[in-house]
Amino acid sequence: MLQVSFLRQNKEIAKQKLAIKHFANLDLVDTVIAMDDERKQLQASFDEMQAKVNAASKEIGGLMAKGEKEQAENLKNEVAGLKTQLDPLKIKMAEVELQLQNTIVQFPNLPHDLVPKGKTPEENELVKQGGETPTLYAGAQAHWDLISKYNLVDFETGSKITGSGFPLYIGKGAKFQRALVQYFLDFNIAAGYTEYLPPFMVNEASAFATGQLPDKEGQMYHATADNFYLIPTAEVPVTNIYRDVVLKETELPLQMTAYSPCFRREAGSFGKDVRGLNRVHQFEKVEIIQIVHPDKSDEVLNEMVAHVEKLLVSLGLQYRILRLCGGDMGFASAITYDFEVYSAAQDRWLEVSSVSNFQSYQTYRMKCRFKDAAGKIQFAHSLNGSSLALPRIFAAIVENYQTEVGIALPKVLQPYFGAENLV
RNA sequence: AGAGAGGUGUCCGAGUGGUUUAAGGAGCACGCUUGGAAAGCGUGUAUACGGCAACGUAUCGGGGGUUCGAAUCCCUUCCUCUCUGCCA
């Protein structure tokens, strides 16, 4: 959530930056400032009147104690008159505040200076490419054929149990998921992250704090009987650990990692994007999350990008890093780097990680602050990234490591899987 | 799921309608004291909004109500603990 005070002081800059995010209604900036002016004015008159009521009430208390009943009664009537003016003011103030709140949440985060202009994924900026293009034998297959050939994942039975997009992993396929989760967590822990195993459902307040509500309600599964949402990513429960918290500066940076299943309704996807494991409603992911000093978030973002890169290198996958353009970025992010791995069998790049700096957008929304050395309260910055999402990594390894006789494994995974080959 | 007891500041804890401007204690910070430390003494120690400031307003789990006035009374909701039930 953006702060009105910031918009007030940087009106033109804010508009320019919102335009990079392709936010259509730039006049809303002026609207919000006008609403805030009205709010201030109402609050000032309300406070003044309430102060009178408070003072009079205290006086009544004193008169009652002294037994001067008649005077007390007179004063009571006077205050009752004030109250009739106070009540409508109170209602109006609540209205204006709600309206202001509902309006300001419509603003996406402002993009970082490094974010390229552009609207479509084609306009993302290639930052780096690494690893080697795998050479496959003639007759190599895509993962959807391989997993059925070796009986690793059964989509039909998953559909029978739940619906399409809920894969059923079987035997070595299931064990491989477990091995990947374990490897990713260990890799993150070794880099200084603390492991959490969070709840997989969250309440409304948590979903609001990280920006899933009110906008993206339709993208989450909603357990209406209890009004809980199935998490679309571990970012939601883990970041919310620090909702409504004032940290000490010395506690920063907070580095957290968590495994969780992720549930996404993904309305409106179609075609080859959804084939096999490319897009599913339930998948496994290991996430990294940091809460840091605002002066450090640029630097930490680069560290997180380097961390994920190292992880992909260790898996021997060809990868590229993209800096997302304004139009392709998420709502709450100030800057995002996407990682894609190359699938030779599909001849396409698959997104496996997204690392973002949210700056104070989430922390302001969830009131996660810290007290600096001077004793001043400031909003921290939050960042997160996948390290890593499993299905497409699974797909890429299965495809790129296939041989005529089976599927090999990257060296680092062999001890986790307990064999040299997947099949 | 049922019955009961609770939720007060960084923590413990008093407070059953009006000097509560939330007692008292602990912790923490600073100062005095000391050769140094401890003890002792003194001062300070929540957040948000408005205001140049003085200060004002709000907040005793959340929301709503009664009242001139609510931490205190009423309604509602969430959470914690104890017992019972059910369950991996």
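Every chain is numbered from 1 and lettered A, B, ... according to where its sequence line falls, protein lines coming before strand lines.
- Nucleotides B/rG25 and B/rC75 have their P atoms positioned 37 Å apart, rounded to a whole Å.
- Between B/rG69 and A/Asn54, no contact under 4.0 Å exists linking OP1 or OP2 to a side-chain N or O.
- The distance from atom CG of A/Leu100 to atom P of B/rC49 is 12 Å, rounded to the nearest whole Å.
- Mapping A/Lys371 and A/Glu48 onto RNA chain B by nearest heavy atom places A/Lys371 closer to the 5' end of the strand.
- B/rG27 sits 16 Å from B/rC11 when the P atoms are compared, rounded to a whole Å.
- A distance of about 12 Å separates the P atoms of B/rU45 and B/rA22, rounded to the whole Å.
- Aromatic pair A/Phe228/A/His222: ring centres not closer than 6.0 Å.
- Atom-to-atom, CD of A/Gln3 to C1' of B/rA48 comes out at 13 Å; the value is rounded to the nearest Å.
- More than 12 heavy atoms of other residues, nucleotides or ligands lie within 6.0 Å of NZ in A/Lys175, so this atom counts as buried by the packing criterion.
- Ring orientation note: the planes of A/Phe23 and A/Phe107 are tilted relative to one another, at an angle of 30° to 60°.
- For A/Lys90, the NZ atom is loosely surrounded, since the number of other residues' heavy atoms within 6.0 Å does not exceed 12.
- Pair assignment for B/rU66: none, as no Watson-Crick or G-U wobble contacts are both less than 3.5 Å.
- For the C1' atoms, the distance from B/rG6 to B/rG15 is 16 Å, rounded to whole Å.
- Distance CG (A/Leu247) to P (B/rA46): 18 Å, rounded to an integer number of Å.
- Of all nucleotides listed (B/rG69, B/rU57, B/rU21), B/rU57 comes nearest to the side chain of A/Gln50.
- Rounded to whole Å, the P atom of B/rA46 lies 15 Å from the corresponding atom of B/rG24.
- Residue A/Lys248 places none of its side-chain N or O atoms closer than 4.0 Å to OP1 or OP2 of B/rC28.
- Going from atom CD of A/Gln378 over to atom P of B/rA48 covers 12 Å, rounded to whole Å.
- Mapping A/Lys40 and A/Ala51 onto RNA chain B by nearest heavy atom places A/Lys40 at the nucleotide closer to the 5' end.
- Here the P atom of nucleotide B/rA48 and the CD atom of A/Gln43 are 14 Å apart, to the nearest Å.
- For the pair A/Val355/A/Thr336, no side-chain contact is recorded, criterion being any heavy-atom separation below 4.5 Å from C-beta on.
- For the C1' atoms, the distance from B/rA26 to B/rC81 is 24 Å, rounded to whole Å.
- For the pair A/Glu97 CD and B/rC49 C1', the interatomic distance rounds to 8 Å; values are reported in whole Å.
- Base-pair partner of B/rC41: B/rG31 (Watson-Crick or G-U wobble, both distances under 3.5 Å).
- Nucleotide B/rA26 forms a Watson-Crick or G-U wobble pair with B/rU10, both donor-acceptor distances falling under 3.5 Å.
- Remark: the separation of the P atoms in B/rG4 and B/rC87 is 24 Å, to the nearest Å.
- For B/rA70 and B/rG64, the C1' atoms lie 14 Å apart once the distance is rounded to whole Å.
- As the counterpart of B/rU72, no nucleotide is assigned, since no Watson-Crick or G-U wobble pattern has both distances under 3.5 Å.
- The partner of B/rC83 is B/rG2, by the rule that a Watson-Crick or G-U pair needs both atom distances under 3.5 Å.
- Distances were taken from every side-chain heavy atom of A/Phe46 (C-beta onward) to each of B/rG18, B/rG50, B/rU57; the shortest belongs to B/rU57.
- A/Asn54 and A/Ser57 share no side-chain donor-acceptor pair at under 3.5 Å.
- Of all nucleotides listed (B/rG56, B/rC68, B/rC49), B/rC49 comes nearest to the side chain of A/Arg39.
- Put simply, CG on A/Asp244 is 16 Å from C1' on B/rU10, counting in whole angstrom units.
- Side-chain proximity of A/Ile60 to B/rC49, B/rG18, B/rU47: nearest is B/rG18.
- Using Watson-Crick or G-U wobble geometry with both donor-acceptor distances under 3.5 Å, B/rU59 finds its partner in B/rA46.
- B/rU21 makes up no base pair with any nucleotide shown, lacking Watson-Crick or G-U wobble contacts both under 3.5 Å.
- Closest to the A/Ile377 side chain, of the nucleotides B/rU47, B/rC68, B/rG56, is B/rU47.
- One can place NZ of A/Lys90 at 13 Å from C1' of B/rU59, the figure rounded to the nearest angstrom.
- Residues A/Phe6 and A/Leu110 meet the side-chain proximity criterion, which asks for heavy atoms closer than 4.5 Å.
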